[in-house]
Amino acid sequence: MDDDYFSLNSILADNHKLSCSFTLDVEGLGYLEGGTDNNIHQHSKVELPFWLAQTLSLNEFTTFPLPPPYSNRVKSALNASAQSVKLSNLVGNNGWWYRWGRRIADVLDDEPQADLLNMLLKAFTNRLPALQDLSAHHASADHTLPEGSTSTGELFRDGMEGDERELFAIGQESGKMAKGWYDSANSRKG
């Protein structure tokens, strides 16, 4: 998980808007609200791109509630059955749920930050065994399913977010390499 400024994955992970409330009056930026007023007034709510919301929040010009992909509802669903939650749908466009969550955590105060980071860690550790198992078996198995059928593994795979998809691909490649090594070792014995 890189946070490199030039990383395309980091840019895509940050490609979200947050509903922010201004903590003070700001002159000359009323166009951000889309209205006719030249100024933004204290407590005005404005949808801002994450990069701007982050900067304004760190400088205490704005506040924002925790975005819906990290709400108590999602936390409860993850606690109930982490593998059944489609993380890819939570942040849109098969997004980067873990990365964006980490970036949001950087802006939060201590307690909400710890809660969010714990939720991310718990989700990751609860989903990792299924991800490893699926990638290992997917590398060597015939995963062609009849049209319209859905296995639990395929449903989980469809719900993987960006980092999980990268780990899945690495696991698949590792499985193929291990199988190739095993097959070549057996062919030399025979």
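The minimum heavy-atom distance between P65 and S19, with the atom names listed, is CD-O, 3.3 Å. The two residues L87 and Y98 make their nearest non-hydrogen contact at CD1-OH, 3.6 Å. Closest approach of D106 and Q113 over heavy atoms only: CA-NE2, 4.0 Å. Of all non-hydrogen atoms in K86 and D158, the two that sit nearest each other are NZ-CB, 4.4 Å. Heavy atoms only, all atoms of each residue included: F64 and C20 are closest at CB-SG, 4.1 Å. Taking every heavy atom of both residues into account, S21 and K45 meet most closely at OG-CG, 3.5 Å.
L121 and L66 fall into different hydrophobic clusters, where Ile, Leu, Val, Met, Phe, Trp and Tyr side chains are chained together by heavy-atom contacts under 4.5 Å. Hydrophobic clustering of Ile, Leu, Val, Met, Phe, Trp and Tyr side chains at less than 4.5 Å, counting indirect connections, unites Y31 with F61. Cluster membership for M177 and L131, using ILVMFWY side-chain heavy atoms within less than 4.5 angstrom, is not shared. There is no path of hydrophobic side-chain contacts, each under 4.5 Å, that joins I170 to M160.
For N39 (side chain) and G30 (main-chain N/O), no donor-acceptor pair under 3.5 Å exists by modelled atom type. No side-chain donor-acceptor contact under 3.5 Å links R102 to the backbone of L120.
Residues meeting the salt bridge (Lys or Arg N to Asp or Glu O under 4.0 Å) test with D183, sequence neighbours left out: K179.
The number of heavy atoms from other shown groups lying within 6.0 Å of CD (E27) does not exceed 12. Heavy atoms from other residues, nucleotides or ligands lying under 6.0 Å from CG of N59 number more than 12.
Side-chain contact check for P68 versus V74: every heavy-atom pair is 4.5 Å or farther apart. Side chains of L167 and F124 form a contact here, defined as non-hydrogen atoms less than 4.5 Å apart. Side-chain contact between K122 and L78 is absent, with no heavy-atom pair separated by less than 4.5 Å. In this structure the side chain of T62 reaches within 4.5 angstrom of the side chain of S57, judged on heavy atoms. A 4.5 Å side-chain heavy-atom check between W96 and E166 finds at least one atom pair inside the cut-off.
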Task: H16 and V91: CA distance, side-chain angles, deciding distance, side chain to side chain contact (heavy atoms under 4.5 Å, CB included) verdict - done: CA-CA 8 Å; H16 297 280; V91 290; 3.8 Å; yes
- [ ] Show your working on side chain to side chain contact (heavy atoms under 4.5 Å, CB included) between N126 and Q83 and close with a plain yes or no.
- [x] CA-CA 8 Å; N126 287 341; Q83 293 150 4; 6.0 Å; no
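Taking the six-membered ring where tryptophan is involved, the planes of Y70 and W97 are essentially parallel, since the angle between them stays under 30° and well short of 60°.
Once rounded to the nearest 0.5 Å, the distance linking CG of L29 with OG of S44 reads 11.5 Å.
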